[in-house]
Asker: 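Below you'll find the structure I mean.
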Amino acid sequence: MKEPLGRRGALLACCAFAASLACGTAYAQQDFPNRNVTLVVGYAAGGAIDQSARLVGQALAAKWGQSVVVENRAGANGTIAAAAVASAKPDGYTLLVTATSHTLNKFVVKGLRYDVEKSFAPIALTVDVPNVLVVNAASPYQNVGQLVAALRAKKKEFTYASQGVGGIPHLAGEMFKLRTATEMVHVPYKGAAQGMTDLVGGVVDMSFPSPGSITAFVSGGKLRPLAVTSNQRFPYLKDVPTFAEAGIPDFTIGTWHGVLAPVGTPPAIVAKINADINAIIQTPEFQNALVAQGNVAAQPVTPAQFTAKLSSELKAFEAVAAKIDLSAN
């Protein structure tokens, strides 16, 4: 018995519609972007993350021939912006520019309206800066080994400064304690400046700031850097060893800036944005502009490598969060 013409026609029409949708989707990905793209930044205009986002946005706009709008949605340690992007249409036209606080927020901020890992598709890193263990230049400790030996001898109570509970320098100090099986007292400040002042003045013993905040103190002979929390030596502190070189492996933490999309964004679009950003961050113009801001461009990574970095970071932060309460921030 032959199939009724009406049913056959309906099936053919459905197939044709599905094919047109597939072709349209493929064309949209190939033609991306064909309208404005928005970079949502979870921090105030003028800050380090905003500045790097605007550099990326300007370069992408020139490459794509489309406007790239930077939209600041500051507040709640970046979670307001993250929640907005997590619920945006996953088409590549609304992207999140965030930083290390993105993964840290899982342990710092309660009641998140999104999943730090599952709500996003990581695209590319733009900035990647380690932290530095520094002591006062008058300190007797010339290297990490000497400092760890003194900590284990427990002849005095050692202190370390940070710019506040739940920040990266705080996390770095707690990770240092875990990796070295030592104890120190955390002294949180309301900002980095006062902490550096007290470190220079000998009020606290050490700190784990970013390189940009100690350059003048190091060159002025007031602070001594002992090690950097990265896998490779930092370009502007070439004489300072990594923690692995100093005998403490598996101790990496720092501040990164990166671009994420809502989960479900087509892989072809993620790959295109990744390739374009990776091309931008390797240009001398971009790198020099970042240096002027006190930052350093990241090494190019694939979306898979960025995803792996975030997963590794979450595990490291979880280990610290199991020991101390980070939610006070």
Side-chain angles (χ1 to χ4, degrees), residues 100 103-104 107-108 128-189 192 195-196 198-200 202-211 213-214 217-218 222-234 237-256 309 311-329:
T100 316
T103 47
L104 186 54
F107 311 102
V108 173
D128 199 3
V129 180
N131 287 74
V132 188
L133 168 57
V134 289
V135 296
N136 189 294
S139 166
Y141 313 115
Q142 301 294 320
N143 55 57
V144 173
Q146 292 177 358
L147 176 59
V148 171
L151 286 166
R152 289 174 176 167
K154 298 181 179 179
K155 292 183 178 180
K156 59 164 282 188
E157 183 178 74
F158 285 83
T159 56
Y160 77 95
S162 85
Q163 60 195 39
V165 174
I168 300 304
H170 179 202
L171 267 288
E174 294 303 315
M175 287 177 66
F176 179 77
K177 288 164 58 177
L178 289 174
R179 297 291 187 273
T180 59
T182 57
E183 288 298 326
M184 300 182 293
V185 176
H186 176 219
V187 183
Y189 291 83
M196 287 296 98
D198 280 1
L199 180 59
V200 170
V203 178
V204 290
D205 295 300
M206 69 197 83
S207 188
F208 296 82
S210 61
S213 63
I214 64 167
F217 296 112
V218 172
K222 296 181 178 180
L223 292 180
R224 178 186 302 133
L226 299 185
V228 294
T229 62
S230 52
N231 291 321
Q232 294 84 32
R233 293 196 179 197
F234 191 65
L237 293 171
K238 292 182 179 180
D239 295 331
V240 181
T242 66
F243 271 94
E245 291 174 325
I248 303 175
D250 194 28
F251 183 19
T252 57
I253 187 174
T255 298
W256 54 262
K309 176 182 177 68
S311 296
S312 175
E313 194 168 81
L314 280 165
K315 290 178 182 178
F317 290 169
E318 184 175 26
V320 175
K323 299 288 184 179
I324 61 173
D325 181 17
L326 298 176
S327 61
N329 197 38

Asker: State whether Lys177 and Glu174 are salt-bridged, where the test is any N-O pair (Lys NZ or Arg NE/NH1/NH2 against Asp/Glu carboxylate O) under 4.0 Å.
Answerer: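 Judged by the 4.0 Å cut-off on N to carboxylate O distance, Lys177 and Glu174 do form a salt bridge.
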Asker: For the residue pair Ala319 and Leu178, what are the closest heavy atoms and their distance?
Answerer: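 Closest pair (atom of Ala319, atom of Leu178, distance): O-CD1, 4.2 Å.
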Asker: Given side chains that start at C-beta, do those of Pro140 and Gln146 come closer than 4.5 Å, heavy atoms only?
Answerer: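 When only atoms from C-beta onward are counted, Gln146 and Pro140 do not touch, as no gap falls below 4.5 Å.
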Asker: Looking only at heavy atoms, what is the nearest atom pair of Leu104 and Gly166, with distance?
Answerer: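 Closest pair (atom of Leu104, atom of Gly166, distance): CD2-O, 2.7 Å.
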Asker: Relative to each other, are the rings of Phe208 and Tyr160 parallel, tilted or perpendicular (30° and 60° limits)?
Answerer: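 The rings of Phe208 and Tyr160 stand perpendicular, inter-plane angle above 60°.
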Asker: May I have the step-by-step check of side chain to side chain contact (heavy atoms under 4.5 Å, CB included) for Asp250 and Arg179, ending in yes or no?
Answerer: CA-CA 8 Å; Asp250 194 28; Arg179 297 291 187 273; 4.0 Å; yes
Asker: Between Ala172 and Phe251, which heavy-atom pair has the shortest distance, and what is it?
Answerer: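 Nearest heavy atoms, Ala172 then Phe251: O-CZ, 3.4 Å.
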Asker: List the steps, then state whether side chain to side chain contact (heavy atoms under 4.5 Å, CB included) holds for Thr182 with Lys154.
Answerer: CA-CA 9 Å; Thr182 57; Lys154 298 181 179 179; over 6 Å; no
Asker: Look up atom CZ in Arg224 and atom CG in Asn143, then write down how far apart they are to the nearest 0.5 Å.
Answerer: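 Atom-to-atom, Arg224:CZ and Asn143:CG are 9.5 Å apart.
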Asker: So for atom NZ, which belongs to Lys156, do other residues, nucleotides or ligands contribute more than 12 heavy atoms lying within a distance under 6.0 Å?
Answerer: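 Count over threshold, so yes.
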Asker: For the CZ atom of Phe243 and the CE atom of Met175, what is their distance to the nearest 0.5 Å?
Answerer: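 The CZ atom of Phe243 sits 10.0 Å away from the CE atom of Met175.
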Asker: Are the side chain of Thr252 and the backbone N or O of Asn231 linked by a donor-acceptor pair below 3.5 Å?
Answerer: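 Here the side-chain-to-backbone pair does not exist.
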Asker: May I ask you to decide if Lys309's main-chain N or O and Ser312's side chain share a donor-acceptor pair within less than 3.5 Å?
Answerer: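 Side chain of Ser312 to backbone of Lys309: no pair is present.
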Asker: Could you give the distance from CG (Leu226) to OG (Ser139), rounded to the nearest 0.5 Å?
Answerer: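 The distance works out to 7.0 Å.
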Asker: Backbone N or O of Thr229 within a donor-acceptor pair of the Asn131 side chain at under 3.5 Å?
Answerer: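 Such a contact is absent between Asn131 side chain and Thr229 backbone.
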Asker: Would a 4.5 Å heavy-atom cut-off, applied to side chains only, mark Asn136 and Lys222 as touching?
Answerer: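 Asn136 does not reach Lys222 side chain to side chain.
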Asker: May I have the step-by-step check of side chain to side chain contact (heavy atoms under 4.5 Å, CB included) for Met206 and Leu147, ending in yes or no?
Answerer: CA-CA 10 Å; Met206 69 197 83; Leu147 176 59; 3.9 Å; yes
Asker: Ignoring hydrogens, what is the shortest heavy-atom contact between Thr100 and Gly254? Give both atom names and the distance.
Answerer: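 Closest pair (atom of Thr100, atom of Gly254, distance): OG1-O, 3.0 Å.
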Asker: When you compare the side chain of Ser162 with that of Pro188, does any pair of heavy atoms fall below 4.5 Å?
Answerer: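 Heavy-atom side-chain distance check passes, below 4.5 Å.
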Asker: Taking all heavy atoms of Val204 and all of Ala161, pick out the closest pair and write down the distance.
Answerer: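 Closest heavy-atom pair between Val204 and Ala161: CG2-CB, 3.9 Å.
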Asker: Is the closest side-chain heavy-atom distance between Ile248 and Val144 below 4.5 Å?
Answerer: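 Yes, their side chains come closer than 4.5 Å.
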Asker: Going from CZ on Phe107 to CG on Leu171, what distance comes out if it is rounded to the nearest 0.5 angstrom?
Answerer: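 Result: 9.0 Å between the selected atoms.
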Asker: If you measure from CD1 on Ile214 to CZ on Phe217, what distance do you get to the nearest 0.5 Å?
Answerer: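 Ile214 CD1 to Phe217 CZ: 9.5 Å, rounded to 0.5 Å.
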Asker: What do the steps show when you test Arg233 against Val240 for side chain to side chain contact (heavy atoms under 4.5 Å, CB included), and what is the final call?
Answerer: CA-CA 7 Å; Arg233 293 196 179 197; Val240 181; over 6 Å; no
Asker: Restricting to non-hydrogen atoms, name the atom on Ser230 and the atom on Gln232 that form the minimum distance, rounded to 0.1 Å.
Answerer: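 Taking Ser230 first and Gln232 second, the nearest heavy atoms are OG-O, 2.6 Å.
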Asker: Does any part of the side chain of Ile324, heavy atoms only, come nearer than 4.5 Å to the side chain of His186, both counted from C-beta?
Answerer: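 Heavy-atom side-chain distance check fails, nothing below 4.5 Å.
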Asker: Can you tell me if Asp205 and Tyr141 form a side-chain donor-acceptor pair at under 3.5 Å?
Answerer: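 Per modelled atom types, Asp205 and Tyr141 side chains form no pair under 3.5 Å.
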Asker: Find out whether Ile253 and Phe176 are in side-chain contact, i.e. whether some heavy atom of one side chain is under 4.5 Å from a heavy atom of the other.
Answerer: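 SC-SC contact between Ile253 and Phe176 ruled out.
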Asker: Going from CG on Leu151 to CE on Met184, what distance comes out if it is rounded to the nearest 0.5 angstrom?
Answerer: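 The CG atom of Leu151 sits 6.5 Å away from the CE atom of Met184.
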